[in-house]
Student: 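The structure that follows is given in the form of structure tokens.
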Amino acid sequence: NAGVTQTPKFQVLKTGQSMTLQCAQDMNHNSMYWYRQDPGMGLRLIYYSASEGTTDKGEVPNGYNVSRLNKREFSLRLESAAPSQTSVYFCASGGARAVSYEQYFGPGTRLTVT
Amino acid sequence: AQRVTQPEKLLSVFKGAPVELKCNYSYSGSPELFWYVQYSRQRLQLLLRHISRESIKGFTADLNKGETSFHLKKPFAQEEDSAMYYCALRGVNTGFQKLVFGTGTRLLVSP
């Protein structure tokens, strides 16, 4: 099993450009998450999806949109990138409530907006 | 509101020394606490959770509801323990496994 995979690993954008970060998991998890990691700020939740077909805002959703394409895939879109969105982005997935609350993380995408 | 505080950005110790990474939380209900670790060039992974009362890689953490703390401890640090450590909280009343993370503590173990 690959676990949680993310593409791309690195990306450089100019201000105003758009892009989509892709995430997929092969653990049959219902829940999926997008976080951003900034120095001194820890991990902050951008959006999450409790199950296929549902998405909800997290702590820092402004400037982002998400799509839960199916149970496996959860994408994050930046419509008009800003330098403040320079960060490392992590996707995660989580097991069913009755089994485990552990979240499994992807390797991250390092995004720079100039 | 849920909040996790890790007061130390960096903790530097020598190999063989005891380690304590501090974590305090704020939550009005019953929390579930976790420690996640990120080794260099690796993805974030679960280290331990308070409900399991387990010791992983020599690390332990006890939930102290009176002091609202969940400090991570290891009696003898090893160089391979050098990593970024995040404390995280899940509010049981939320009915969903949304985690709130602290800002992280970088542990550096020197030979």
Side-chain angles (χ1 to χ4, degrees), chain A residues 1-7 9-10 23-25 27 29-51 54-61 66 74 87-110, chain B residues 1-10 21-27 29-52 54 56 63 70 83-107:
Chain A
N1 287 349
V4 180
T5 57
Q6 291 181 237
T7 55
K9 286 192 168 65
F10 302 93
C23 174
Q25 53 95 4
M27 294 174 282
H29 287 160
N30 288 323
S31 312
M32 297 186 74
Y33 312 81
W34 276 105
Y35 294 91
R36 58 177 291 173
Q37 182 186 42
D38 301 291
M41 304 290 285
L43 275 83
R44 292 181 293 170
L45 184 64
I46 305 171
Y47 269 93
Y48 64 97
S49 170
S51 61
T54 68
T55 61
D56 281 290
K57 294 178 181 179
E59 184 185 351
V60 289
V66 290
F74 189 39
S87 187
V88 181
Y89 291 86
F90 288 99
C91 178
S93 69
R97 188 191 308 179
V99 176
S100 167
Y101 286 106
E102 180 175 354
Q103 290 188 15
Y104 296 81
F105 285 80
T109 295
R110 188 173 293 274
Chain B
Q2 303 171 40
R3 180 175 291 177
V4 176
T5 302
Q6 293 180 251
E8 304 137 329
K9 285 186 179 176
L10 173 66
L21 286 80
K22 291 185 168 45
C23 172
N24 288 89
Y25 67 89
S26 172
Y27 182 63
S30 292
E32 193 172 353
L33 275 297
F34 306 83
W35 277 99
Y36 279 78
V37 61
Q38 187 176 26
Y39 300 102
S40 180
R41 297 189 182 87
Q42 293 187 29
R43 62 186 70 192
L44 201 67
Q45 58 188 287
L46 179 67
L47 180 62
L48 53 79
R49 69 197 89 187
H50 90 268
I51 58 172
S52 301
E54 56 201 345
I56 303 293
L63 179 61
F70 187 57
M84 194 74 177
Y85 292 80
Y86 290 96
C87 184
L89 174 151
R90 186 187 81 85
V92 173
N93 294 340
T94 62
F96 180 65
Q97 53 166 315
K98 199 164 56 169
L99 294 176
V100 174
F101 285 85
T103 52
T105 297
R106 181 168 298 283
L107 174 64

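Chain letters run A, B, ... following the sequence lines, proteins first, then strands; residues in each count from 1. No hydrogens, no waters, no symmetry mates; every other heavy atom, side chains included, goes into these values.
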Student: For Q38(B), is it the side chain, the backbone, both, or neither that has a heavy atom closer than 4.5 Å to a heavy atom of chain A?
Tutor: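 When you check distances to chain A, only side chain atoms of Q38(B) fall under 4.5 Å.
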
Student: Which answer fits L45(A), side chain, backbone, both or neither, if we ask what part of it has an atom under 4.5 Å from a heavy atom of chain B?
Tutor: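 For L45(A), side-chain heavy atoms alone lie under 4.5 Å from chain B.
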
Student: For residues Y86(B) and L43(A), determine if any side-chain heavy atom of one lies less than 4.5 Å from a side-chain heavy atom of the other.
Tutor: yes

Student: I need the Y36(B) OH to F105(A) CZ distance, nearest 0.5 Å.
Tutor: 5.5 Å

Student: When rounded to the nearest 0.5 angstrom, what is the spacing between CZ in R43(B) and CD in Q6(A)?
Tutor: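 It comes to 8.0 Å.
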
Student: Please enumerate all residues that pass side chain to side chain donor-acceptor pair (under 3.5 Å) together with Y85(B), with sequence neighbours excluded.
Tutor: none

Student: For the CD atom of E102(A) and the CD atom of Q45(B), what is their distance to the nearest 0.5 Å?
Tutor: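 Spacing of CD (E102(A)) from CD (Q45(B)) equals 9.0 Å.
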
Student: Evaluate whether atom CZ of R44(A) has more than 12 neighbouring non-hydrogen atoms of other residues, nucleotides or ligands under 6.0 angstrom away.
Tutor: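 For R44(A), atom CZ is crowded (more than 12 foreign heavy atoms under 6.0 Å).
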
Student: Given that the side chain runs from C-beta out, which part of Q37(A) has a heavy atom under 4.5 Å from chain B: side chain, backbone, both or neither?
Tutor: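 Q37(A) touches chain B through side-chain heavy atoms alone.
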
Student: How long is the gap from OH on Y35(A) to CG on L44(B), to the nearest 0.5 Å?
Tutor: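 Result: 9.0 Å between the selected atoms.
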
Student: Determine the option with the most heavy-atom pairs under 4.5 angstrom with chain B, choosing from P39(A), G40(A), P107(A).
Tutor: P107(A)

